[in-house]
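A quick write-up on the structure given underneath.
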Amino acid sequence: MKQLDIVLGLQWGDEGKGKIVDVLADNYPIIARFQGGPNAGHSIHFEGKKFVLRSIPSGIFRQNAVNLIGNGVVLDPVTFKEECEAIKAAGVPVEKRLLVSKKANLILPTHRLLDAAQEAAKGKSKIGSTLKGIGPTYTDKISRSGLRVGDILTENFKERYDALKNKHIAELKHLDFTFDLAENEKAWFDAIEYLKKMPLVDGEYFTNENLDNDNAILAEGAQGSMLDIDYGSYPFVTSSSTIGSGACIGLGIAPRRVGKVYGIFKAYCTRVGSGPFPTELFDATGEELRTKGYEFGAVTGRPRRTGWLDLVALKYAVMLSGVTNLIIMKADVMDSFDTVKVATGYKVNGKETKVVPFDPYAKVEPVYTEFPGWKDPLCDAKSEAELPVQFKNYIAFLEKELGVPISIISVGPDREQTIFR
Ligand code: GDP
Ligand code: IMO
Ligand code: MG
């Protein structure tokens, strides 16, 4: 009996999950997304090509992998169709490698409008949502009025769609939000016809039967632990469970079947949107991280906020998901730095703590440990032996602090720029 292994982002998203899932996918017959939706943007580089995936799992480029969009995902048919067509144009037989769970909830055009209207109404306290309709769709799911992928096959689907749409229109009017729905609706129904031709499955039977039949599954997280609906910096979070246990819920797999939990982190931090970010840099170093790390949203193009690595937040994320293997990304971005800093504690109201504060508005001052930079390009290293000694010392410190081994070191965006330890 094989297990479910999980890949998770441990920070505020964009850690490099797409790259790592694509790399690991070679060893798994099944790759499954379990939550989130097109708010995600997962970049994959290989053979000189680059792709950005939104809802489709990052195993799609591997010949022998079957990719499942799981129950916990919220699916926008329009984005999904665009994504499928782009990958197909690159020669990938999408419909042969992709399954969609019937229990995944659908993002309606009015969910997107509601997202925009609700953000606008929040004014200064806005979340910085990607405005893809994620919050309103999960709201409808939890309040038991959502529509699911399997519903598109039922006779009264249009009736149910109209009822939900009309409820949304009333809310939009209440929020005094002007909109034009006609064109979006046409594209949405075209995309529904496209979706009908994809293999729609009972995801939870598919996953469990495969585990029983000795086919291992790799679950692909989206967003990051600090954006989790329960444990992130609420309310500046997304609307789904981004931590390890979310994979069980989102794929219908029991906790006892979980094997490895891969936790991915960048050697520094980034965040898009609003909310606390204790180690944020507003100086030339912050700008250097943004430029050298090309820290601009894969979905929205927004510049990402940047700062030093935060071990208080990282330890918290490791704890929440029971991470068994760490993966460090993008240390190459700091190749030229004289000094590399890591926050090992916080000062809140003058008191030192190692705990992430409850209050997202708490004034947090990071306590830093400094390391000499390695001043040597990492990007061509093919094995651990080729890594500079200062970098190895830095890695050893992180492992000791976090209490979990770093199993993979990524030294560039390409598939090949990956060192297994
Ligand atoms: P995801 O959402 O977690 O999949 O991450 P994104 O794709 O949004 O952002 C990660 C970015 O970093 C992408 O542009 C990747 O191509 C790039 N990337 C991934 N790993 C590395 C690395 O080790 N070094 C560098 N320089 N870039 C990387
Ligand atoms: P990947 O999978 C980075 C952030 C948004 C915003 C908050 C809520 O690529 O790592 P939402 O659209 O979910 O209502 O936005 O969460 N956010 C992400 N930030 N990477 C992501 O996904 C994100 N998905 C959502 O910027 O602050
Ligand atoms: Mg991303």
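This is a predicted model, so every value here is computed, not measured. Computation of the quantities below employed the complete heavy-atom set of this structure, encompassing side-chain atoms and omitting hydrogens, waters and symmetry-equivalent molecules. In listed order, ligands and their atoms are each counted from 1.
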Starting from [atom], locate the nearest protein heavy atom and write down its residue, its atom name and how far away it is, to 0.1 Å.
{"atom": "atom 4 (C) of ligand 2", "result": "Leu227 CD1, 3.9 Å"}
{"atom": "atom 27 (O) of ligand 2", "result": "Val272 O, 3.0 Å"}
{"atom": "atom 3 (C) of ligand 2", "result": "Asp14 OD2, 3.2 Å"}
{"atom": "atom 6 (C) of ligand 2", "result": "Gly128 O, 3.2 Å"}

Open item on the list: Test of understanding: given a 4.0 Å heavy-atom threshold, classify the contact between Lys132 and ligand 2 as side chain, backbone, both, or neither.
Closed with: neither

Task: Location of contacts on Arg302 toward ligand 2, heavy atoms closer than 4.0 Å - done: side chain

Open item on the list: Within ligand 2, which atoms have a heavy atom of Lys17 less than 4.0 Å away?
Closed with: 1 (P), 2 (O), 10 (O)

Any [X] heavy atom less than 4.0 Å to ligand 2:
{"X": "Gln223", "result": "yes"}
{"X": "Gly9", "result": "no"}
{"X": "Val237", "result": "yes"}
{"X": "Arg304", "result": "no"}

Under-4.0 Å heavy-atom contact with ligand 1, by part of [X] that carries it:
{"X": "Asp332", "answer": "side chain"}
{"X": "Ile44", "answer": "neither"}
{"X": "His45", "answer": "side chain"}
{"X": "Lys330", "answer": "both"}

Open item on the list: For the 3.5 Å polar cut-off, considering only N or O atoms, please tell me whether Val333 and ligand 1 meet it.
Closed with: no

Open item on the list: I want to know if ligand 1 touches Ser43 in the polar sense, i.e. an N/O pair below 3.5 angstrom.
Closed with: yes

Is it true that [Y] and [X] share a donor-acceptor pair across their side chains at a distance under 3.5 Å?
{"X": "Lys19", "Y": "Ser410", "result": "yes"}
{"X": "Ser407", "Y": "Asn325", "result": "yes"}
{"X": "Tyr194", "Y": "Glu82", "result": "no"}

[X] near ligand 1 by a heavy-atom separation under 4.0 Å:
{"X": "Gly412", "value": "yes"}
{"X": "Arg304", "value": "yes"}
{"X": "Gly13", "value": "no"}

Open item on the list: Using a 3.5 Å distance criterion without hydrogens, assess whether the side chain of Arg33 forms a donor-acceptor pair with backbone atoms of Arg54.
Closed with: yes

Using 4.0 Å as the upper bound for N to carboxylate O, is an ion pair formed by [Y] and [X]?
{"X": "Lys382", "Y": "Glu386", "value": "no"}
{"X": "Lys132", "Y": "Asp115", "value": "no"}
{"X": "Arg304", "Y": "Asp14", "value": "yes"}
{"X": "Glu287", "Y": "Arg290", "value": "yes"}
{"X": "Glu15", "Y": "Lys330", "value": "no"}
{"X": "Glu185", "Y": "Lys165", "value": "yes"}

Open item on the list: Is there a side-chain contact between Arg271 and Leu227 in this structure, where contact means two heavy atoms from C-beta onward sitting under 4.5 Å apart?
Closed with: yes

TODO: Taking the side chain as every heavy atom from C-beta outward, state whether Lys341 and Thr369 have any atom pair closer than 4.5 Å.
DONE: no

For ligand 1, which atoms sit closer than 4.0 Å to a heavy atom of [X]?
{"X": "His42", "answer": "1 (P), 2 (O), 4 (O), 7 (O)"}
{"X": "Gly18", "answer": "4 (O)"}
{"X": "Gly41", "answer": "1 (P), 2 (O), 4 (O), 6 (P), 7 (O), 8 (O)"}
{"X": "Lys19", "answer": "20 (N)"}
{"X": "Met329", "answer": "20 (N)"}

TODO: Measure from the Mg ion (ligand 3) to each N, O or S atom of Gly18 and report whether any distance is below 2.8 Å.
DONE: no

Task: Aromatic ring pairing Phe46/Phe61, orientation class (parallel under 30°, perpendicular over 60°, tilted between) - done: tilted

TODO: Could you label the plane-to-plane angle of the Tyr394 and Phe391 rings as parallel, tilted or perpendicular, counting under 30° as parallel and over 60° as perpendicular?
DONE: tilted

